[in-house]
Each structure stands twice: as C-alpha cells, then as structure tokens.
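Have a look at the structure below, then the notes.
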There are 6 protein chains.
Amino acid sequence: MSSTLSEQLQHLGLDKLRSGGRQADQMRPIRITRQFTKHAEGSVLVEFGDTKVICTATVDRGVPRFLRGSGSGWVTAEYGMLPRSTHTRNDREATKGKQGGRTIEIQRLIGRSLRQALDLKKLGENTITIDCDVIQADGGTRTAAITGACVALVDAVNVLRQDKNGAVKGNPLKQMIAAVSVGMHKGQAILDLDYSEDSNAETDMNVIMNDKGGFIEVQGTAEAAPYTQDELNQMLALAQKGISEIITAQKAALEG
Amino acid sequence: MSSTLSEQLQHLGLDKLRSGGRQADQMRPIRITRQFTKHAEGSVLVEFGDTKVICTATVDRGVPRFLRGSGSGWVTAEYGMLPRSTHTRNDREATKGKQGGRTIEIQRLIGRSLRQALDLKKLGENTITIDCDVIQADGGTRTAAITGACVALVDAVNVLRQDKNGAVKGNPLKQMIAAVSVGMHKGQAILDLDYSEDSNAETDMNVIMNDKGGFIEVQGTAEAAPYTQDELNQMLALAQKGISEIITAQKAALEG
Amino acid sequence: MSSTLSEQLQHLGLDKLRSGGRQADQMRPIRITRQFTKHAEGSVLVEFGDTKVICTATVDRGVPRFLRGSGSGWVTAEYGMLPRSTHTRNDREATKGKQGGRTIEIQRLIGRSLRQALDLKKLGENTITIDCDVIQADGGTRTAAITGACVALVDAVNVLRQDKNGAVKGNPLKQMIAAVSVGMHKGQAILDLDYSEDSNAETDMNVIMNDKGGFIEVQGTAEAAPYTQDELNQMLALAQKGISEIITAQKAALEG
Amino acid sequence: MSSTLSEQLQHLGLDKLRSGGRQADQMRPIRITRQFTKHAEGSVLVEFGDTKVICTATVDRGVPRFLRGSGSGWVTAEYGMLPRSTHTRNDREATKGKQGGRTIEIQRLIGRSLRQALDLKKLGENTITIDCDVIQADGGTRTAAITGACVALVDAVNVLRQDKNGAVKGNPLKQMIAAVSVGMHKGQAILDLDYSEDSNAETDMNVIMNDKGGFIEVQGTAEAAPYTQDELNQMLALAQKGISEIITAQKAALEG
Amino acid sequence: MSSTLSEQLQHLGLDKLRSGGRQADQMRPIRITRQFTKHAEGSVLVEFGDTKVICTATVDRGVPRFLRGSGSGWVTAEYGMLPRSTHTRNDREATKGKQGGRTIEIQRLIGRSLRQALDLKKLGENTITIDCDVIQADGGTRTAAITGACVALVDAVNVLRQDKNGAVKGNPLKQMIAAVSVGMHKGQAILDLDYSEDSNAETDMNVIMNDKGGFIEVQGTAEAAPYTQDELNQMLALAQKGISEIITAQKAALEG
Amino acid sequence: MSSTLSEQLQHLGLDKLRSGGRQADQMRPIRITRQFTKHAEGSVLVEFGDTKVICTATVDRGVPRFLRGSGSGWVTAEYGMLPRSTHTRNDREATKGKQGGRTIEIQRLIGRSLRQALDLKKLGENTITIDCDVIQADGGTRTAAITGACVALVDAVNVLRQDKNGAVKGNPLKQMIAAVSVGMHKGQAILDLDYSEDSNAETDMNVIMNDKGGFIEVQGTAEAAPYTQDELNQMLALAQKGISEIITAQKAALEG
C-alpha cells in the first residue's frame, strides 16, 4: 500500500523531470540583451540559463584576399572563454600562445553557420567579424553563441545598410539562424542540455537551423554508445521544437 | 523522331552517371594494403579511388596524465597532408608553426571515432597514436583515413595482445568503425564524393558508423542551401549502403 | 556689456569642466558588483564610468616551483581585453599567438600590486590567480582592474580561510590596494581620465596606493612634454583624493 | 673608552658607506665608449660600474605603417641580455621562442623615453632602431641602457643629417635623455643601486629626465613596504643629482 | 689444420660482408619511380633499400622578394618525416609548432644542392619548391632525398619549358646532382650506410656530386674519433663509385 | 720596357695579395681574451680580425633526460648575433619568435665539435652550455666561435674540477678543438676568409680539427662552381696550417 518515492514520482509524471525541474522537451530560460556594450556595431548578451555569452559583430571595409574584387562580402567568427567561466580555471589561450582544438572547432562552426544567414553578394566587399566570448559556462555555449551572434549580425548589417558608402545592395539578410543542443540521456532524448547533463549524455548533438525549418548543420556524436536512426529522429524533433522557441526569442529581441 | 543526347542518356538510365561513370549510390574502388611500412605496429595504405592515405598505429606504454592510475587506455589521432597531395601546394604546417583549423577539426574527429572502436578499460594503460597522412587527395580524405586507421588500429591491438607485459585484458576491440561521405549534388543524394563533386555539393555530410549499423558520428553541413529531413534521410540511406561495403573491405583486408 | 560664452563659463567657474561636466578632481561613478559570475572564488564586475572589467580570483593549491617548500603563497595576474571592448576591434591575442607588450606590462603591474595586499607567508602554499578581462574600455582599464581585483582577492582569501585544509594562517590580508589615473591635461591636473582625456594628456600617471595612504607604485610618463616636480605633486594630491574615495567604495562593496 | 667598530664608523661618518665604499648619493663610475662596433650608425658601450650594455642605433628609411605619409619619423627599441650576463644563466629568448615580460617592459620604456629626445617631425620619415644588449649585469641595466642609447641616438641622427636624401629638417634633437635608479635601502635613500642593493631594497625607482631637469618618466615600486611622499621626494632629489652627472658624462663623450 | 669461422670467412673474402651481405663498396638497391602522385609537376618515390622518400617538385610563378625583377628563378626545399617512418614515433613537427634542428639542417642542404643543378637565370622568375617526405627511414634519408628530388626537378623543369608563358630561356638544367653517404665503420670505409651502420660509424660523411665528378658539398663528421686525410680519401673514393651508379639510375628513370 | 701595374705586382709577388695585404695562406690577427665577463665559469672574447665573438661556458649540475643515470656529461651550444653586428640590421630572433635556419645549423656544428673535446664519461653528470654571441661580424663567425668556445670550455672544466662535489673523474679534456674557414677565391685557395671574400668565393669550406691534426668536421660547399679533389686538397692543406696557428694562440691564452 505504501509506495516508494520513485513510484510516487512516476505516478505524478515527475520521474522524467531534469535538474531544475525541466521537462525533456523544455528549454532553459532564454534572454537576449542587445546593445550590451557600446562600441560594437552589434553587441548582444545571450543567456541560456546560466550559460552567458557576449556576442559582438564588427564591421570592417574590405574582405580577405581570396575575395578581393569579387564584389562579395565575408563573415568570420572567433570564440573564447574567459579563463574562469568554467568550474575550474582554464589556461588563457593568449598566454599559451595558441587556441585549443575545441576553440577552433567551435569558431569554425559559428562562422560557417552565420555565413548562411546572409547573401554575401548583397553584403558587398565588407567583412563582419563575430566575437563570441563566454563569461559563464553551463553547457551549450556554442549553441547560445550562434543564437546570440545572429542577432548581433542583424544589428551590424543594419548599421552597414545605413551607410551610404557601405556598398550594400538591398537586404543581405536571407534567414535567421539559431542553434540548440539535444542529446540522449539515460535513454531519453532531451533538449538544451546543461553542463551536468552534457557530461553524462550517451549522445550529444548540436543542431543549427534556419527560421524556415531547414537544416544548416547537424553534428551528432556518440559519446557512450552508438545511436540509432530512431534516436536520431527523436533528437531532431526536439531540436525543431527548441529552435522554433529560440527564433521567437530572437525576433522579439530585434523588435524590442 | 530524333532525340537529344540528354534524352538518349535518360532512356539508357545514364543521365545520372557521375564523373567516371559512377552511379549515385556507387563507391569508388576501395583498396586497403596492410604492412605498408615496416616500423609501425599497424600500417595501412587506404585508397578510395585517387584518395590515398597512409594510416599508422603506434603503441606506447603509459597514458596521458588525466588517465594515469585509472587502468584505462587511450587512443589519439593526428592528421596531415603532404604539401603537394593537392592540386596546388599547401604550405607545410611544420613550417607555418601550427596546424590549420581544418587539420585540427579532422584529427579530433578521427580520434573521437576510433576511441569508440575499443573498450579502453580492456586496453590497459597503453596509448595508441593514429597518424593519418594524405599522400594524394581527391575528396573524402577524412573518411578514408578513419576507414584505414581502424584496420591499423586492429593490427596494433593484436600486437599489443601478444605482449605478456602489455596489460591488455581480453580483446579490446568492441566494433569496427568505418566512414563515408555523402552529399546532395544537383538535387540528388550521392555517395562517396570525389573532389570535384565535393566542391560543388549543396550539402556535404560525413557519416561514421560501426559494423552493426549504429551511428558513431554524423556531420552534415549545408554548403549552398539548407537541407530537409527528407534529404537527410536519403543521404543517411546511401551512407549505410556505403559503410556496409567498406566494412566488408576492412574485414577482407584483415583476413588477407 | 555683452560677454562671450567663454567669459560667462569662467564667471560661473564652469570653464574648467570636463566632458560629462566633471570637475578636475572628480571621479567617474564607481560601481563594484560582487559574485558577478558563479564559478570563481572571487568574481567582481568593476565599473569606472563606461570602463567595465570582470575581475575573478581563482584559488589553487600549490605554488610555482620557485616557492615550493617555502611555506609561502603566491598571487599572479593576467589581463585581457575582449576584441571589441574598444572603438575599433583589436586582434584577439589567442589568435595572434601571443600577448602584446601593453598587455604584458599591465598584467605584471596588477600582479605586483596585488601581492602587496597580502602577507604571502600567511597565505600558505596556495596560489591565487587574478583574471582581469575588459569588456568595455573607456580609459583607466588598469586602474579599474586593480581596484576590482583587490575586492575579488579578498573574497577568494575568505573562501580559502574557511577551508580547514587550506593551510592559511590567520588573516593574510595586510591592506586594501586601489589604483587611479591622474594626468596633466591642458595644463591642469585632472583625476581619473576617460579615453578622450587620456589620448590628449601631456602627462599620464597611474598611482597605486594602500588604505593607509602609502604608495605601492607610481608610474608617470611624459607624453607630450616633460613634467615638473610641482606638477608631479599636484597629480599625486589628486590621486590621494581619488584613492580615498575608491577605497571607501571597495569597503562598502565588501560589507554589502 | 673602547668603542665598537660600528661606533667608530659612525664617528667617522663611514657607517652609511655602501659596498665598494660608496656614499648614499654617489654614482658608480660611468664610462661611455662611442664607435664600439663598426657597422652601426651609432654604437656605444655604456658602463655603470660592472653593468655593461652595448647600445646601437640603426637608421632605416621609412616608418611603420601607422606613420606612412605623416612626414614624421619613429624611434623604437629592443632590449636583450646575453644568456650568461647574469649570475646564473638565463634561457636564451630566441630559443624559448618569445621575449619575457621583463624584457618587453624594459624595451617599451627605452623606446618611449628616447622618442622624447627627438622632434619626430624634424626626423622625416626615417626609423631609428635602438638595440640595447647587456653583456654584463650588475643592477641598473635599463637606466644604463637609456643613457647609452641616447648617445648612440645622437650619433645616428648626425649620420642621417649628413645625408642629402635623408629628409631630415634642421636638428631633430630636442633634449638629451638620461636615466638612473634610486631606492630606499635600510631606511635610507640611495643612488644608482647595484645588483645586491637592488635585490634588497624596500623601494625601487627608475627616473628618466631630460637635460633641463624635467621628468620624462618616473616608475617607483614598493618592493617590501609602501613608501611615503617624503621618501619619494628624497629619492627624486638623489635622482636629480645623479642625472646631472650622467648628462655631463654623455656630453663629454659626445665631444670626445 | 682446423680453422676458426673467422679465418674461413677471411679466406673466402666474406669477412668484410655487411648486414644483408653487402660488400664495403656496394650500394643498396636503388629504385626511382616517377609520377608517383598525380598533382605535382614532378613526383618521385626514391628507394635506397628500405629508405623510402616521396620527392615532389612544385612550380610557382614568381620568386621571393630578394629576387624580384632580377630575371632569375629560385629553388627551395622542405624536408619532413612521417611520425612513424622511424623505429619509434617522433612527435609531429606541425604539432610541436616548429621544425627540429635536424630537419632544418637537412632541408637547407637539399635546397643548396639542387640550386646547383640549374642555371637559375635561364629558369626565369619561377620558383620550384621541392618537398622530400620520408615515409620509411633506414639510414641515408637525406642522400636518397637529394637523389630523388633531382629527378623530380628535371620533370618539373620540363613541364615549365612546355609552357609558352613560362619565361624559361633554353634548358635551365646544368647538371644532374646525386648524393650518397659514406663512413668509417669498424676501421673500414663503407658505402651507403643503413641505419644500424650509421648509428655505429666512427665517421659519417655525406657527399653530393654532379654528373661530371665535381663536388657540390662534402660534410664529414667525426662521431667517435677524428679521421685522417687518408680515411677521408678512402671515403671520397667510395662516394665517387656510388654517385656514378646513382646517376646511372637517375638517367635510366628519366628515360624510362 | 714599360710594364703594366699588374706585371709589376706579379714581379714583386704582390699580385696574390688579398684585401689588407694578406697572403693566400695568412690568417687575420687572432686575439683571445679570457675572463671577458665576470659571471661565467668560462668567458672569452675571441677576435679573428674584425670578427668578434663572446664565448661563455656555463656549468650546470645534471644532464638532459636521455643521459640521466648514465654517469655521462653533456656539452651543448647556442649561437646568436647581436642585431647590428652586421652591415645591415637583422631582426632579433627573440622578437621573431624563432631562431633562423643558419643559426640552428651553426649552433649544432659548435655543439657537435666541442663534444669531441671532452671525454663525457669523465665529465660526470654535468652539463656545460656554450653561448657564442657575435658582437661584430666580418666573416668566419662560426670558426672564431668554435675556437673561442674551446678556450672557455677548458676554463669551465677546470672550475668544475676544483669542485669536490663536481663528480668529475680525472681530466675530461681529450683534445683542443679549433676551426678555420678556407675557400676557393678567383681560382686560388685562401685561408680565413673575411666577409667580402666569403661573399665572392667559388667554394666555402669550414674545417674543424683537433690539436693532433685529426679532422673533427669538414663542410665544403660549392657556391659558384663544383670543386675538384685537387682543390679540396689545396684547401685542406691551408686549413691545416691555419689550425696549427690557432691552436698555438689558444694554448698561449690558456697559459697567459
């Protein structure tokens, strides 16, 4: 007649609750603060729960050598973490004399994804440099970074469009881009993993999509066990739900 | 009554033929040569068509600091291209003083994937270092590298198992790992892209799987346009076909 | 009968007002926010007007080699600027592969100054690493950094004192340390220069003092013209006034 | 009736004598040898006691990018120590792959100070590079270096003035620059510290002045205890005496 | 009447046999395979016994800055070893961030030697870059590399001569260059040392000659004991014999 | 009856005179100054004419990892040039972040040669580091460096032999080592080339020998034309004469 706590939770449907009481398909609170710093053409503080990233977009005239004379613009990205944004301090990459492999992998992903947001031909021969600097990390820094960077990118493009000498043709913005992590955790697909979930997931997947439901990049890595086509589909379904909410938040911030 | 060449090709089912006359779901010839060089515990020359990669596996006693005393082994990988393995010469990374971002991204992928091949606990406190050096490139160097490296890894594990002081417990090999690229090209999913196809694909996807059909890593990147769930599924189906053939070739080489 | 605007301002004593209406001896608003990020033992956001610096203090057991076995602790500091904390973007030092000369000069000054705050013998063989990362720059980043870092240091020392295994003996805090810039600008000594004043000053001086009015470091550099003993004294007098206000703000923050 | 040695020394006024019998306000012997090596436009061996520094000044046409087209010249400096110029060997910076923080701090100070010697507009678009290489160190290497470098700079400017194509307008030399260290040692202000004094000083101050008694740079660092305004004034008074003697030596060398 | 094995070998003239049964003046088998990879203008696999080196020659228009406008071309070389080309794995130089001293010494030797093969004036303002990558090492990698690189160089020059816009005047090839190692080993001069002989030789000498018997470079190093003029002459005589055979092999390959 | 200047010079035997009036087989004046700086165990200023090199020898307890426990000592060398030791300024290697190829080649030669001077077993587990720093260059810096370094090495070994805890067994000095350059210049073999001769020589050869006439290293490079066995012999004969004089100068300095 008496039941265990586990049985009671199951009865209440709370047995699947995650740390902080989240449901499997529930995002952490998203906050997007524009004009976070004053110098950059676009400056955004993006927060996915306790993960906080400053994303700035800088406009420079001119393009890298391989594009000169092409009439086309460029978007590139750099990523960094403040040394004590994490549980234990990481050595400062500027002191070590090089960026680590994880940093390079992430900043290449950010740049690749954000180039899909724009029609680079319409941008003219301008370069937009995205800086994503993590000031506090709690899982999902790269997906938060892409999400915030896209808002900063829109602000920077709009600054450039105001400039009569800016060489921009029409509106370079093709589509909003957003990103979210999903994973398999204790046999269940979950959305927007925090650090403790990410550390223990069987599979970790980052999904970048546009605002029309198209895939920009999918990266899914088996951490503890191979995953099946069915699990892949479950994770993608969660990602689609999350991306939809994130894009709503991006648009609200841009209208705010 | 007369028909165009295109109509004739369509009639013959040849309109979908790729360069070299391949069908959309057809792999390039695969060749796997073991004992390619004499010093390494595992040494494989792997060829996917004109893409040629030397994969060696080196056994060292001991593990990186973060594993010392854990009883667990480690697998790590490095990747390089000979400067003139490509159409135009790339600067030698040793001369530039650092590995490029693409190199780092690829070698992290190789290491991550091959660690899934082994039960690292059974490996004991040994490290296996995989070196993948491209001597001729024609698209798909990273998937060929993973494929060849897994064979070299098996050879190296077997050498280590012969060693009475090797601290190996049972057979560390959990599963064979193989990799292949797929993509969307002119609106059609194709398997095992060569360089010219890869340069023009709308979507480029690398799929790493085990010999039981489980996914180890999926990386799909929209190059020219976002892709749909349906296109994703088409590409994954081709990948599964290709991986099956590759694993057959790996097993034949290991038995040869 | 009619007088010029300049005469009217002179009559009202407003002719010496600085940008933002500051008097020559007036500090910008100071804000010190503790627990700014959640992982570090000490984490402070310090603001001198529009200059904003995140200062964290990280505690690690052990000391550099030259102190091992000495029973003495160590304090060291690193400084960085987010690439777009400034008017135009600076290249990321992690990408360039080394810290610039200005960065190195500043972080040596921060470390040297903060070591004076503590009795390193009482700290035991622990190392406290101070990270000062500028997220928005408007002059005086190094003096704001020292000021905020001292508060973060106190928090970190107190965390360490709670630790029974921390090897701290008594209270290592000897004295609070604060810093301010002064300068000669249009022939007048002024306090706490912002970026536009700093760029145009004849002399630029950074003064670091303790809470008892003693000098920790004085660095005064003629930018446009040599300075006299009398000007030096005027600047030091302003610095003493500013330091006194800053230390009041530090103490209020620590009690808050 | 019998008195201690200490009392006898005090009676004779010798109790304040420093190692080598120097008075508190006494410089070490200064030697300035011009044309020390044969290739450079200016080449000086400067000796402050046992501290020996080779200072060369090299003239190059053209200026760094930020000055091109400005009509203005530039002075920059580099500093180094031979590995065994010190008591124990320091690793060669060329082998370590970077200059240490102390080196960078010193060479920035030398460059900054020597730029004050010249009217850079009159120099035309020429760059003078100062190299200060310590061949034997016994304290005060940076002050000896600035002192010797100013003489080498004058020689190089004069070479350039002879050159009809040199673009120099009039005499770029505005003022001679010299430097000396002072400190608080056992409670007393002393001039021109040698290595053993420097290692034990409570306060260490480097003072750079021009030949009219104006301050170019003052850097005073509390090493063991904060210092007071009164101590600061004592140290500056000694520095003024020392600088006066050094400038006399510079002028004698230039006339020699 | 009975004799020892040593006496019997001496009687048969076999006491001087080396590992693998070679005579003191006998080369290892030489194999030169042209068109080894498909992209380079010249691509050669050269084998001296178990030593295998891929040599490619890449043609680029233009020359380094110091030759611009001179009408003269340039030849430069880089050398590398695959990490596991040797008995134990060497760290990858691209990962270490710099080339080792031995690598630099060897690639300078290769470049210097091959520049002697051409009349650089006739080459016009073109640069040929030689890459020598060792895939398997068993002694004599630098001499094999020079030998193979000269064949690749000839192929590349011929490609360039076909190019109407190539700016080549006549035939830039002045002379074939080949290299071989000789040494003193157990008191006897021997030709073309393998790894085990090289490790134990008293003297190690690399000789580079042209096809007319002229010396291009001689580098002879006493490893265990100084060598005499007589020993030097013995070694040079062996080298001349070896070079003659190598040049025959080069010419056969070029005609093949 | 009248004769040309050339004929008159020939008659007087002056037609072979070199710059400065030297004969083909004549060394420049050699000066070896011991105890040149005060901190090093061995410190020598060596001068071959206008070439001036400071050579110091530093003794450290312990050996590199590969020799630990072997009972054997080690000798290593580093080489550098002051930036303006040459006609035009060379960039400082510490600033460039790496040593150039020429530097590395030279310091490897110095270290290799000086290790031949000692019986490393008798040295015990001590390391002697040779620093050769060129303060003025006029050709032959590497041969002057080896010559001076050997004297500094002897001084350092003698310091170590005095040390009861030094672990030295008997006298580690096996032989004196000296070096000289020779070359073919205008068809004639000449000894000890200065910079202008070196720049124009057809062949450049560095010869390192011991005090018993044995060869330690011979490096002969054809610069403009291949050289013959006869020319090689002529150059070696001159080298032997020069080495003999240099060793006499070394011994005189050590006795002085």
Side-chain angles (χ1 to χ4, degrees), chain B residues 35-45 47 49-61 76-100 102-104 107 127-138 149 152 156 195, chain E residues 35-45 47 49-61 76-100 102-104 107 127-138 149 152 156 195:
Chain B
Q35 276 100 42
F36 184 68
T37 58
K38 72 173 186 177
H39 298 303
E41 285 75 20
S43 173
V44 164
L45 174 69
E47 299 169 74
D50 274 351
T51 290
K52 304 184 184 193
V53 187
I54 301 177
C55 307
T56 64
T58 296
V59 173
D60 284 300
R61 298 304 161 83
T76 185
E78 292 186 357
Y79 170 94
M81 301 181 89
L82 295 200
R84 194 56 197 284
S85 58
T86 44
H87 284 82
T88 56
R89 187 177 182 272
N90 292 302
D91 286 343
R92 187 177 291 266
E93 292 182 328
T95 311
K96 288 198 291 183
K98 63 173 185 177
Q99 295 181 299
R102 176 183 171 277
T103 295
I104 288 170
Q107 71 191 13
T127 295
I128 299 179
T129 303
I130 303 294
D131 286 289
C132 297
D133 285 275
V134 178
I135 60 175
Q136 189 172 279
D138 187 30
Y195 176 77
Chain E
Q35 276 100 44
F36 183 68
T37 58
K38 73 173 186 177
H39 298 302
E41 285 75 21
S43 174
V44 164
L45 173 69
E47 300 169 73
D50 274 350
T51 289
K52 304 184 184 191
V53 187
I54 300 176
C55 306
T56 65
T58 295
V59 173
D60 284 300
R61 298 303 160 83
T76 185
E78 291 186 357
Y79 171 93
M81 301 181 90
L82 295 199
R84 194 57 197 283
S85 58
T86 43
H87 284 81
T88 56
R89 186 177 183 273
N90 291 303
D91 287 343
R92 188 177 290 266
E93 291 182 329
T95 311
K96 289 197 291 183
K98 63 174 184 176
Q99 295 181 299
R102 177 184 170 276
T103 295
I104 288 171
Q107 70 191 12
T127 295
I128 299 180
T129 303
I130 303 292
D131 286 291
C132 298
D133 286 276
V134 178
I135 60 175
Q136 189 172 280
D138 187 30
Y195 177 77

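Please read all numbers here as calculations on a predicted model, not as lab measurements. Residue numbering restarts at 1 for every chain, and letters A, B, ... go by the order of the sequence lines.
- With contacts defined as side-chain heavy-atom distances shorter than 4.5 Å, the pair B/Leu82/E/Leu82 qualifies.
- Ranked by heavy-atom pairs under 4.5 Å with chain B, the list E/Lys52, E/His87, E/Lys98 is led by E/His87.
- For the options B/Thr37, B/Asp133, B/Asp138, heavy-atom pairs under 4.5 Å to chain E are most numerous at B/Asp133.
- Interface residue B/Asp131: backbone and side-chain heavy atoms are both found under 4.5 Å from chain E.
- Ranked by non-hydrogen atom pairs under 4.5 Å with chain E, the options B/Lys96, B/Gln107, B/Glu41 are led by B/Glu41.
- Rounding to the nearest 0.5 Å gives a distance of 11.5 Å between OG1 of B/Thr56 and CD1 of E/Ile135.
- Each of E/Gly100, E/Ala57, E/Ala40, E/Ser85 has some count of heavy-atom pairs under 4.5 Å with chain B, and the biggest count is that of E/Ala40.
- A donor-acceptor pair is defined here as one N or O able to donate and one able to accept, closer than 3.5 Å; no such pair exists between the side chain of B/Arg84 and the backbone of E/Thr58.
- A salt bridge links E/Lys38 and B/Asp50; the closest N-O separation between the charged side-chain nitrogens and carboxylate oxygens is under 4.0 Å.
- Judged by distance alone, with hydrogens and angles left aside, the side-chain atoms of E/His39 form a donor-acceptor pair with the main-chain N or O of B/Ala137 at under 3.5 Å.
- The contact between B/Gln99 and chain E is made by backbone and side chain atoms together, counting heavy-atom distances below 4.5 Å.
- When heavy atoms are compared at a cutoff of 4.5 Å, B/Thr86 approaches chain E solely by way of its backbone atoms N, CA, C and O.
- A distance-only check finds no donor-acceptor pair linking the side chain of E/Glu78 to the backbone of B/Thr95 [under 3.5 Å].
- B/Glu93 has its side chain out of reach of E/Arg92: every pair of non-hydrogen atoms, C-beta onward, lies at least 4.5 Å apart.
- Interface remark: E/Ser43 contributes no atoms to any contact with chain B (heavy atom separation under 4.5 Å).
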